[in-house]
Amino acid sequence: MKKSSGENKLPVVDDSKHYSFFQNVWDVVRQIPKGRVTTYGAIATYLGTKSSARMVGWAMNASFIVQPKVPAQRVVNRNGMLSGKAHFATPTLMEELLQKEGIQVKDEKIINFKEVFWDPIVELG
DNA sequence: AGTATGACTCATT
DNA sequence: AAATGAGCCATAC
């Protein structure tokens, strides 16, 4: 990889092996159907790095700078809670986007989480 | 260069 | 059931 620190503050997206994990995460997230959600851990497990759920969170944090757009609001923690809402443009944006897609949210938590859960391991094989 | 901190999750108290 | 420790590893300082 080239250097990622120094003058470049934002994650550098190139074809190096180092950043392929982030790109894989974004590819999976883009395939989440509207009205469905998945979790950081499910994505990490699907990519074969089961214990790197935190890195999926970092990928979401960086997802705002890439194109095409990544529906980061469809990724929540394993309890169906909107743990990442604070990182959106406004504190309520994540919840608004989800509700606009037909997902019921109450107290920062998805109501019928189990029913709208989309598992990449099952759906993508 | 070393320490701290997470958009996490699991196992162990 | 709630708290704690441990992996994880890219960034921030």
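Here is how names work: the chains are called A, B, and so on, in the same order as the sequence lines, proteins then strands, and each is numbered from 1.
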**Study point:** Taking every non-hydrogen atom, the tightest pair across F21(A) and S52(A)
**Key:** CZ-O, 4.3 Å
Exercise for review: State, with a plain yes or no, whether a side-chain heavy atom of L124(A) is found less than 4.5 Å away from one of Q31(A).
Suggested key: yes
Review point. side-chain contact (heavy atoms from CB on, under 4.5 Å) with M94(A): which of V75(A), V76(A), V105(A)?
Key: V76(A)
Review point. How close or far is atom P of dA12(C) from atom NE2 of H87(A), stated in whole angstroms?
Key: 13 Å
Point to revise | For S51(A), all residues meeting side chain to side chain contact (heavy atoms under 4.5 Å, CB included), sequence neighbours excluded | key: none
Practice item. Return the set of residues passing side-chain hydrogen bond (donor to acceptor under 3.5 Å, both in side chains) with E101(A) (not counting sequence neighbours), or none when no residue passes. Key: Q73(A), R74(A)
Review point. Y46(A): what forms a ring pair (Phe, Tyr, Trp, His ring centres under 6.0 Å) with it, not counting sequence neighbours?
Key: none
Check your understanding: Base, sugar-phosphate, or nothing for R54(A), non-hydrogen atoms under 4.0 angstrom?
Key -> base
Check your understanding: What nucleic acid atoms does N61(A) come within less than 4.0 Å of, heavy atoms only: base, sugar-phosphate, or nothing?
Key -> base
Check your understanding: By a strict heavy-atom criterion of less than 4.0 Å, which residues belonging to residues 32-53 of chain A are in contact with DNA chain C?
Key -> S51(A), S52(A)
Practice item. Could you measure between the two P atoms, the one in dA4(B) and the one in dA6(C), and give it in whole Å? Key: 15 Å
**Study point:** Contact check, side chains of V25(A) and M60(A), non-hydrogen atoms, under 4.5 Å
**Key:** yes
**Study point:** Interatomic distance at P, dT4(C) relative to dT5(B), whole Å
**Key:** 16 Å
Point to revise | Partners meeting side chain to side chain contact (heavy atoms under 4.5 Å, CB included) with D119(A) (sequence neighbours left out) | key: A42(A), F117(A), I121(A), V122(A)
**Study point:** Where chain A begins and ends its contact with DNA chain B, read 5' to 3' at 4.0 Å from heavy atoms
**Key:** dG6(B) to dC10(B)
